[in-house]
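Below you'll find the structure, written out as structure tokens, and then a few comments.
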Protein chains: 2
Amino acid sequence: MQSYTEENYLKIIYHLSEISNPVLTNAIAERIQTKAASVTDMIKKLSDKELVNYVKYQGVTLTEKGKTTAINIVRKHRLWEVFLVDKLNFKWDEVHDVAEELEHIQSNLLVERLDEFLDFPRVDPHGDPIPDKNGNFAELAFIKLSKLKPTDKGTITGVSEHSSTFLKHLEKLGLTLGKRIEIIEVLEFDGSVELLVESQKTNISREVAKHILITKN
Amino acid sequence: MQSYTEENYLKIIYHLSEISNPVLTNAIAERIQTKAASVTDMIKKLSDKELVNYVKYQGVTLTEKGKTTAINIVRKHRLWEVFLVDKLNFKWDEVHDVAEELEHIQSNLLVERLDEFLDFPRVDPHGDPIPDKNGNFAELAFIKLSKLKPTDKGTITGVSEHSSTFLKHLEKLGLTLGKRIEIIEVLEFDGSVELLVESQKTNISREVAKHILITKN
DNA sequence: TTCATTATTTAGACAAATCTAAAAATTTAT
DNA sequence: ATAAATTTTTAGATTTGTCTAAATAATGAA
């Protein structure tokens, strides 16, 4: 059994390792709102418990055991978010902090019953996928952003062009992995797309739209 | 803001002071599964925060502030129990430990929305009363279900017949402790009652109705 | 490659909540 | 009323998670 704090570290390491692996001490410190020295201390502890692999100065990766634990926390977090939005009428931007607490409640029965009660949702209110009880994420079909129509909503789940100029361009527009988008208009004459990212209107060319992969939901 | 541990102490002191006031150190130690010395330490801390009145060797009583906090935790605990039983199909004897964790989630919005979602229950699955958001316990006057009229609403808070055949019958009809009911019709010729339980219409005989105790609200 | 900068770790300290063992107060029994 | 038993408190130690400041390693630039 892990403490509340250990669980939080595992979760953060899990999220950060989707961006870069291994995960560096400073990256964790920034995300968890703490000091690098504290992170080092905790990493040592997690390493002793064989939840992470740790090489001094090189960063950490999750072990299988650590990954399983982390995914379970993510599962709980996202299920609770669905509950809050679908059942208690929270807005999708009001749920995070409460889910952050609820994700640490220890009861497998609770999680499974909640999943059932919510009718086994595949994504949370932000469009992020919810792993099943075995830690598997459903295959979410990728669609090119250029195939979407006005009012379509989805989550950016990939790109089909990996040049750094392209990625930097997306970064600048705020079109990063995991962001929710909504199509406002597709302009006839050049196929450029007007869309909404985090309540911000943006316009991207058809060329760019073709290389952004979306999961509709 | 109180810590998880402080909240637990306040809750236990609240419960124990219904039996004897002031509450003695050893009584707390026993209930909270800890040592008397630890209790003394914590009581001093709670006293500094003006959540309890403490006289060495004499025991503690809750201040108004402490009592308000304690009642709010009891409120949350019991609402979560209703949620677990009514919505997630937990059995009434499976809910305590999970509710013990859920009661510490910090979010007024969550509690109020949950209360609403559960249709403002007045008692938990064990029949214990649930205080409202101002900390007031409803006056729980028992009325026989057979005395109610169409459109009357209430909560099942007891029975006046304890044979297992009767209880099993009620169980089958979904007429269990804590359930909200609404009277639809009382039939003239046999006095049988048509009522609504969780959006389900049910009909019970006058004999059965006489032995179900209701709290109107 | 050497110096400067940045990132990470170590060492030592602190607050919260707990514990054990000993001391002090209270209660009970004779 | 005094001794014995019980309860409660104090003193000092421990664990968890954190911190600051200093030391060390890695990285980047000239």
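Here the structure is a predicted model, which means the values were calculated and not measured. The sequence lines fix the lettering, A, B, ..., with proteins before strands; numbering per chain opens at 1.
Partners of B:Glu6 under the side chain to side chain contact (heavy atoms under 4.5 Å, CB included) rule, at least two apart in sequence or in another chain, are B:Gln2, B:Ser3, B:Met42, B:Lys45, B:Leu46, B:Lys49. Judged as a side chain to side chain contact (heavy atoms under 4.5 Å, CB included), and not counting sequence neighbours, the contacts of A:Asn134 are A:Asp132, A:Asn136.
By the 30° and 60° cut-offs, the orientation of the rings of A:Phe117 relative to A:Phe83 is tilted.
Residue A:Ser38 is classed as a base contact, given a heavy-atom separation below 4.0 Å to a base. Within the nucleic acid shown, A:Tyr4 has no heavy atom closer than 4.0 Å to any nucleic acid atom.
One interatomic measurement links the two molecules: CD of A:Glu6 to P of D:dT18, which rounds to 10 Å at whole-angstrom precision. B:Leu46 has its CG atom 11 Å from the P atom of C:dT18, to the nearest Å. The OH atom of B:Tyr9 sits 15 Å away from the P atom of C:dA16 (whole-angstrom rounding).
When side chains are defined from C-beta on, A:His96 does not count as touching A:Phe90, because their heavy atoms never get closer than 4.5 Å.
Of all non-hydrogen atoms in A:Glu116 and A:Phe120, the two that sit nearest each other are CA-CZ, 3.7 Å.
The shortest distance between the side-chain N/O atoms of B:Thr34 and the OP1/OP2 oxygens of C:dC19 is below 4.0 Å.
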For this session: For nucleotides 1-11 of chain C, just jot down a letter per nucleotide in 5' to 3' order: B, S or -, based on protein non-hydrogen atoms under 4.0 Å.
Result: ------SBBB-

